[in-house]
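Here's the structure we're looking at; comments come further down.
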Amino acid sequence: MIRTQIYLPKPMYDQIKLRAAHRNTSAAEELRALVSEGLAQQSKQPRKQGLHRLARMGVQGGPKDLAANIDKYLYE
């Protein structure tokens with residue numbers, strides 16, 4: 001494991017400590033579980049940013065360099 005430090009607002013810290021007390025675990029273990037859950041949930045969500053970016057351009061036929069730069073438009 002890698003040790004790290006983060007700053008948390010007091011109410012968030014209190015919630016984590018309360019959750020840990022209810023589950024009889026440490027605050028560190030609860031934080032690891034919460035981060036793991038968040039990462040797993042994020043990876044399940046489809047990535048729509050690139051397509052939304054193209055839609056917001058308002059260009060009916062799409063950019064002229066779309067075929068050559070498809071990755072740029074989808075993932076940047």
Side-chain angles (χ1 to χ4, degrees):
M1 286 204 195
I2 297 173
R3 182 177 181 183
T4 187
Q5 288 182 309
I6 60 170
Y7 291 97
L8 300 173
K10 177 92 168 92
M12 187 183 295
Y13 177 77
D14 292 340
Q15 283 183 311
I16 291 167
K17 291 293 280 187
L18 185 61
R19 180 177 161 139
H22 285 337
R23 296 173 187 240
N24 200 28
T25 62
S26 68
E29 185 61 33
E30 289 303 316
L31 280 168
R32 284 190 289 270
L34 289 166
V35 169
S36 181
E37 289 170 17
L39 291 173
Q41 185 180 23
Q42 182 183 18
S43 68
K44 291 179 184 176
Q45 295 176 354
R47 295 180 183 236
K48 297 180 182 177
Q49 291 176 341
L51 295 176
H52 285 300
R53 184 171 167 215
L54 279 175
R56 284 193 307 265
M57 289 177 125
V59 180
Q60 196 166 14
K64 292 185 186 337
D65 62 346
L66 180 59
N69 295 306
I70 188 70
D71 287 337
K72 174 186 165 194
Y73 289 107
L74 288 176
Y75 302 112
E76 290 181 4

> Can you name the nearest heavy-atom pair linking A27 to A20, along with the distance?
Replying inline: N-CB, 3.8 Å
> In terms of heavy-atom contacts, does CG of N24 have more than 12 from other residues, nucleotides or ligands at under 6.0 Å?
Replying inline: no
> Are L74 and L66 connected in the hydrophobic side-chain network, where two residues link if heavy atoms are under 4.5 Å apart?
Replying inline: yes
>> As an exercise, state the distance from CD of E30 to CG of L18, rounded to the nearest 0.5 Å.
In response: 10.0 Å
>> Nearest 0.5 angstrom please: Q15 CD to L8 CG, how far?
In response: 10.5 Å
> Do I6 and L34 share a hydrophobic cluster (ILVMFWY, side-chain heavy atoms under 4.5 Å, transitive)?
Replying inline: yes
> side-chain contact (heavy atoms from CB on, under 4.5 Å) between R32 and M1: does it pass, once the steps are laid out?
Replying inline: CA-CA 11 Å; R32 284 190 289 270; M1 286 204 195; 3.9 Å; yes
